[in-house]
Amino acid sequence: ACPAAAVRHCFDETYTCERCCNVKRYGPRGDRDCWRRDLPFELAKRLPSGSAAYPVPEDVIQRIIDATADLGPHAKDVVL
């Protein structure tokens, strides 16, 4: 199931919340392919936890901007 704290704009038909956050199937970090989105592993930033962080995909950024457009012209600054 999708966690209550998940940001729904981060997911789409391919990278669904149910897939990406499936800790039973993929372990505590979920499906790593969801967070990587076909980016090469070399682009990952190593985190102190031992995990990897990848840039937020442009389509996710655009969905968040679109969803917050009614918050005014500075919504992008708040969200990002």
Side-chain angles (χ1 to χ4, degrees):
C2 192
V7 178
R8 65 183 174 92
H9 306 296
C10 292
F11 307 101
D12 60 23
E13 299 82 28
T14 302
Y15 301 104
T16 65
C17 184
E18 290 76 12
R19 170 189 168 182
C20 297
C21 299
N22 189 333
V23 296
K24 288 182 181 179
R25 181 172 183 185
Y26 299 105
R29 295 186 177 113
D31 183 352
R32 291 182 181 194
D33 287 339
C34 289
W35 315 123
R36 192 168 71 83
R37 305 265 175 118
D38 298 321
L39 291 172
F41 287 107
E42 296 79 34
L43 288 181
K45 301 287 184 198
R46 300 310 295 163
L47 301 175
S49 67
S51 188
Y54 294 90
V56 177
E58 290 294 324
D59 63 311
V60 171
I61 292 172
Q62 190 59 55
R63 282 196 299 272
I64 292 171
I65 290 170
D66 293 346
T68 57
D70 61 337
L71 297 177
H74 300 290
K76 179 177 83 170
D77 299 331
V78 173
V79 173
L80 304 175

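Positions are given from 1 along the sequence.
With sequence neighbours left out, N22 forms a side chain to side chain contact (heavy atoms under 4.5 Å, CB included) with K24, R25, Y26.
In this structure, CZ in F11 is found 4.0 Å from SG in C21, a value given to the nearest 0.5 Å. We find the OH-CG distance between Y15 and D38 to be 4.0 Å, quoted to the nearest 0.5 Å. Atom CZ in F41 sits 4.0 Å away from atom CZ in R36 (nearest 0.5 Å).
With S51 contributing its side chain and L47 its backbone, the two residues share no donor-acceptor pair below 3.5 Å.
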### Query
For C10 and C17, what are the C-alpha separation, side-chain angles and deciding distance, and is it a disulfide (SG to SG under 2.5 Å)?
CA-CA 8 Å; C10 292; C17 184; over 6 Å; no
#### Entry: Audit row: R63, D66, salt bridge (Lys or Arg N to Asp or Glu O under 4.0 Å) steps and yes/no
CA-CA 5 Å; R63 282 196 299 272; D66 293 346; over 6 Å; no
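Minimum heavy-atom separation, A52 to R46: CB-NH1, 3.2 Å.
Put simply, W35 and L43 are part of two different groups of oily side chains (I, L, V, M, F, W, Y) that touch within less than 4.5 Å, one to the next.
Applying the salt bridge (Lys or Arg N to Asp or Glu O under 4.0 Å) test to residues at least two apart or on different chains, the pairs with a partner in residues 5-23 are R19-D31.
A 6.0 Å sphere centred on CZ of R32 holds no more than 12 heavy atoms belonging to other residues, nucleotides or ligands.
Here the side chains of V23 and R29 are not in contact, with every heavy-atom distance at 4.5 Å or above.
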